[in-house]
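Single-structure report; data block below.
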Number of protein chains: 2
Amino acid sequence: MALSELDRGRTTPPASNLDALFRPASVVVVGASNERTKIGGRLLSHLLRYGYTGRLYVVHPSDPAVQGVAAYRSVDELPADSALDLAIVAVPAVRVPETIRSLAHRGVRVAVIVSSGFGETGDAGRALEDEVRDCARRSGMRVLGPNCQGVANTSVGLAASFSSVFGRTEEVPDGTTAVISQSGAMAAVLTELSSGHVDGVRYWAATGNELDLTVADLVAEVATDPGVRVVQVYLENMRAADRLVQAARTAHERGAAVLVLKAGASEEGARAASSHTGALAQEDKVVDAFLSRHGLVRARDARQMSELARLFAGRKKPRGNRVGIVTNSGGLGVLLADEAAVNGLAMAEFGPDTRTRLTETLPPFAATANPIDVTAQLLSRPELLGAAIRAVEAEPGVDVVVVALGILGDYYDLDRILADVVELDRRTEKLVVVCWVAGDAAMPGRLAGAGIPTYDDTAATMRALGAFVAHARHVERERRADPQTSVPTARLTGPLPRAAGGPLSEAAGKRLLRSWGLPVVDGRLAVSADEAAAAARELGFPVVLKVSAAGLAHKTELGLVDVGIGDEAELRAAAARMLAATEANVHGDGQVDGLLVEPCLDGGLEMSVGLLRDPSVGNVVVVGAGGTAAEVLADVQLLIPPLTTELVREAIHRLRVAPLLHGFRGAPARDVDSLVRLVLDLATTPAVLAGQVASLDLNPVLVMPSGQGSVAVDVALTPGHPTSDIKEGR
Amino acid sequence: MALSELDRGRTTPPASNLDALFRPASVVVVGASNERTKIGGRLLSHLLRYGYTGRLYVVHPSDPAVQGVAAYRSVDELPADSALDLAIVAVPAVRVPETIRSLAHRGVRVAVIVSSGFGETGDAGRALEDEVRDCARRSGMRVLGPNCQGVANTSVGLAASFSSVFGRTEEVPDGTTAVISQSGAMAAVLTELSSGHVDGVRYWAATGNELDLTVADLVAEVATDPGVRVVQVYLENMRAADRLVQAARTAHERGAAVLVLKAGASEEGARAASSHTGALAQEDKVVDAFLSRHGLVRARDARQMSELARLFAGRKKPRGNRVGIVTNSGGLGVLLADEAAVNGLAMAEFGPDTRTRLTETLPPFAATANPIDVTAQLLSRPELLGAAIRAVEAEPGVDVVVVALGILGDYYDLDRILADVVELDRRTEKLVVVCWVAGDAAMPGRLAGAGIPTYDDTAATMRALGAFVAHARHVERERRADPQTSVPTARLTGPLPRAAGGPLSEAAGKRLLRSWGLPVVDGRLAVSADEAAAAARELGFPVVLKVSAAGLAHKTELGLVDVGIGDEAELRAAAARMLAATEANVHGDGQVDGLLVEPCLDGGLEMSVGLLRDPSVGNVVVVGAGGTAAEVLADVQLLIPPLTTELVREAIHRLRVAPLLHGFRGAPARDVDSLVRLVLDLATTPAVLAGQVASLDLNPVLVMPSGQGSVAVDVALTPGHPTSDIKEGR
């Protein structure tokens, strides 16, 4: 299903209850082993180590017991009176289908297939997957995997995974975060990197080939747990984008967040992802716009993800974006200030009270503006940090306190510094963050252990803070918003006219847009020079003449457009020339529907509005600079419905050409409202919501002076498969 | 001095010999103390600890010995027969001038003033600095500081600094790097962060207020040491940019590099820097263009600097940009591939031999394309990594081998993995880099200790590699290049006409440009409507009419320009209107020099060329999109002379509008050669080289179809102070 259904307010039913995956009353391991170098051996040892408290069964063809657990020789021999929630399958790939059949027969609710040798190896493996899928569908059993590293819920002692993260010396503690990943290794990496920075990981899953259950399904499930504050997600493709959106909304309602590390952003990365998890190439700009639209916070790599997680896992939310910095190094202060604006943060301006207090407390060569530099005097006067901190804490213009300390080691009173920062954090509702650079190696752990988000460089500190503040704003805005979902939504339309693999003729495209109520230039379709001349007289010279034909692109290059035709003689000559050029260039019966005669419009600023349909995200609306150079300038913003006036207005404002709309160098201010309305109307057109438009390009859209509207002058509309087709296609 | 002098091939004499600073035969510490919490105490203890082997004197007003060193009561009482190279001054600020006088009297060659309380505290401090500067100038003594943390050269056991980095448990070892910084804390941070990743730090200095010696002076000095491969620089302002360029060239000739962390990039950062080191605000785009032009590698923060340093400190240079990746995690492989193109790297294509070798060696579900994923099978089959590594090593299409290992801990044969990577690095001349993510915590140190550049995330790995490859290309290109320095350079010109604080009149500006041989639209200056009409007849209608006046900007908005005047009547009307508007809008005697009559030119693509003079960097040439929207689109590239055809051509190619120059959508290809020539000619114009042009804006420059040249249509030229004035101004 694509998002357009969400747009219309029809939401899909939630993924079938995944209690049996994350909170099973019973688990059976098929393919358990006594050898801990084997996957089935490690997995069972992790289950035992984490003290799973439900009923645990083991199936082994010959051994009477595996790792001390009494074994059954086959699934069929398992006690008949026992309901089975979760099965872990670790047998060779070729034996998986028969195993799944017997598990389905026993009424198992979810099977996790950790075995490899399926779709990732080629056609034979894909056939095995099909067999498993068919059997599962018939029985209603859900499947995680194959080729996955399993699942865990540390709050119930479930570690049904062979990942080495569950074999390391210290157990993974229960906590406020979850890790859901397409890749098992990346799930382990994310768990390790946030270890010590967050309290622990409650839910953990790696989905592998996603024969049935996807990352989105599992995120949607764990997002409902009030104990979870952060879900860390690793993705190589965007299956079930709608469920991810639901999950994010659920999380946001509870004050939680979903962080996404989406790999395959570049062409090279997408190629690598395709061989890793079979991900389809997808425009990364669309992914970015989609994630940003729904408040899914994107990380660029695993380290950034860990840097985000430690902030989002905390109990505090930012109250605003104004940062006050206290440092012992002017250099660190400058570097942090450099990163402020880049990351949407503001350097707080201190009021006179704060400045007076700082001047009275700090040494004469300390900087008392923001950032406050207590200087190397901190060495002999350890009280300076606390004094500076208290001043910033009391300053009403500060939302976030950043304590940036460089190179503090042996000579310094580290216990006192720790106490100063921790007490500050307890006293104030302001967010407190530490940037600890190149000092005592144990301090970051001590600070993090006391619940203070701690970073080891300046760029990382401000980048994470910026994302945190932006997310809080997004959530706040969504709470207030009245997005188009609430617009009374539309009857389904009949099928669109179809073109053979290309855009409709310009006349047909324009007719359709007019019928949707969108502003399109007036015009007449003529089938002879006489008709064209009559039309021109009616419209008034000068006029534009163009050939209208289905599947026709690059009209200008082919000489099939003529602008500024001043009189009838000129018009007749142009018509004759165009008809000849059409015969030479346009092939196929019935494609040409005539000559379009339109008035020449003056005084509009050329912008463009477009639409494209992404296979996973659904409709993507594009607004940007227009005219022939638009493609070259690539000055566009992508918008993901549902839209609001505010979202569209802000997107237009982000365009580089935005100043031209606001009356640049004596030119008139433009009717931006009408452009915003055009974009909103397009996005809520029933045929668009129904996924019937594969792509649409309005370029130029002439934006007239204020109060005079906008009008689309050129239209290229390519009909697409409606949503239900797309659904089948995936 | 600004760079323009370099442009002309006149180089300044090198900074006076700084041997006495870095390799003194004798050191005297004035203000040494027995108390190690005091600056003078720590500094002496570091000197003693590092085992300085020259003659060491201590001055103390009362104690007969300080930290075991016999003390003299004053500078004057120091043994008269002993030549003194270096003095460290750690007395209170008010006593510094008298101390400096006695040191100068004794013929001390360099004084390092570590005391604070100078320019950074206000006017009284600045007066003290002036006193010190005067005394030093008269005697020829060089001064480092004040308000600085001192100097070190570990190769001779000199640690004349109170920085805590010299007090930490392990001594800073001698090695192939140097750290030169305006901030003492940042010097310590950079030293700490590269510790363990590079062999050691030979030269170390913090320059503080830079009363005399600047960072650039010291970098130029240490760059001459053949034992130094990397100089890490922290800067908040760009004093003596020319010397930094010299230093970079010296380094490059020896296969070494200068890395720069320049803080104060944003407005907020610049404000903070100004209160930290008194840095002047400077356009960061200029700084970026300058650093990039001269192969000074920029880091964004201290962590990035350390990531760069570990690569540049190694003995290998990259042979090309094609990366081959071996990993145990498909996810890490995808993330690395994502970063390749962003950082100017290419994913190597494997030949058939390599693919065959990989298919034969690796398990069936391993990925044998680039990146090679040996999968979690590495656990039970430790030989897989070595096999994959050997295949990539043998592949001629690979320049750089990246080994990316995630989450390798207890279960893995880490010794074997280390040995495999280290042996690879010894065997091959290809660059070998490890990305070690979230695995055994000791391995990065073991790898780095064996000389393998090791990173802890995917983005950092590729970012550092990209900078390393780009730098190697820069050095190679500079070796080949025939920059304009070798153009027979020009006689000095007489003074330019002066305008009162603004641009010359358009007619005067155009006359000047024509006299320099630059292509400017033809035109006539008329002082009456009759003269204008005569000029128009001569040039042929249609014409452009504009008012020419000194100090006049925004002509179009004021109605002082009229284009496309078709006949004489229109011209006379326009002239009358303009003269009236001029009277209303242009004030001041003698500013208006007449009406400019010029032909209307058709068929040119609007571009722009400009010049601005930066107080530290000198001339900055700007090339970009033109026309009225140019300012809005901000599609410009900055070029720092000396220029080459290749540099200008590449800059134009990087513009977003570049495709328009190459014949977009049936439009003709443009005469790019003539645009390149215009830029080169402008940059080598004697008046420009002499710094006589403060700013110049040619917009539009019409770039005609191929072979038909380019021509500047509008000219705004503001004369500036010649170089010598600027010198005084700093």
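So you know, we letter chains A, B, ... as the sequences are listed, proteins then strands, and number each from 1.
Ranking A:Arg36, A:Arg303, A:Arg271 against chain B, the residue ahead of the rest is A:Arg303, based on heavy-atom pairs under 4.5 Å. For the options B:Thr191, B:Asp456, B:Thr628, heavy-atom pairs under 4.5 Å to chain A are most numerous at B:Asp456. Residue with the most contacts toward chain A among B:Leu660, B:Thr375, B:Thr37: B:Leu660 (heavy-atom pairs, distance under 4.5 Å). In terms of non-hydrogen atom pairs under 4.5 Å with chain A, the most contact-rich of B:Ala265, B:Ala346, B:Pro659 is B:Ala265. If you tally non-hydrogen atom pairs under 4.5 Å between each of A:Ala658, A:Ala185, A:Gly330 and chain B, the highest count goes to A:Gly330. No other option in B:Asp301, B:Thr121, B:Leu190 has as many heavy-atom pairs under 4.5 Å with chain A as B:Asp301. Comparing B:Gly264, B:Ser329, B:Ser380 by how many heavy-atom pairs each has under 4.5 Å with chain A, the most go to B:Gly264. Chosen from A:Glu339, A:Gln149, A:Met347, A:Glu120, the residue pairing most often with chain B at heavy-atom distances under 4.5 Å is A:Glu339. Looking only at heavy-atom pairs under 4.5 Å with chain A, the residue among B:Leu379, B:Asp373, B:Val342 that has the most is B:Leu379. Ranked by non-hydrogen atom pairs under 4.5 Å with chain B, the options A:Gly406, A:Ser164, A:Ala460 are led by A:Ser164.
Here the shortest heavy-atom pairing between A:Ala404 and A:Thr327 reads O-OG1, 2.8 Å. Here the closest heavy-atom approach between residue A:Ile407 and residue B:Glu192 is recorded as CD1-CG, 3.0 Å. Nearest heavy atom pair, residue B:Ser115 against residue B:Ala93, reads CB-N, 4.5 Å. The heavy-atom pair separating B:Tyr412 from B:Ala376 by the smallest distance is OH-O, 4.3 Å. Pairing each heavy atom of B:Ala459 with each of A:Arg300, the nearest pair is CB-NE, 4.3 Å. For the pair A:Glu606 and A:Gly627, the tightest heavy-atom approach, listed with the atom from each and the gap, is OE1-CA, 3.1 Å.
A side-chain donor from one of B:Asn147 and B:Ser116 sits under 3.5 Å from a side-chain acceptor of the other. Side-chain contact annotation: B:Gln182 with B:Asn237, donor-acceptor N/O pair under 3.5 Å present.
For B:Phe118, no part lies under 4.5 angstrom from a heavy atom of chain A. Looking at B:Leu655, there are no atoms closer than 4.5 Å to chain A (heavy atoms on both sides), in backbone or side chain. For a residue to count as touching a neighbouring chain, one of its non-hydrogen atoms must lie under 4.5 Å from one of that chain's; by this rule A:Leu633 touches chain B with backbone and side chain alike. For a residue to count as touching a neighbouring chain, one of its non-hydrogen atoms must lie under 4.5 Å from one of that chain's; by this rule B:Glu631 touches chain A with the side chain only. Contacts between B:Thr169 and chain A at a heavy-atom distance below 4.5 Å involve backbone atoms as well as side-chain atoms. For B:Ala369, no part sits under 4.5 Å from any heavy atom of chain A, backbone or side chain.
One distance of note links CZ of A:Arg42 with OG of A:Ser163; it measures 7.5 Å at 0.5 Å rounding.
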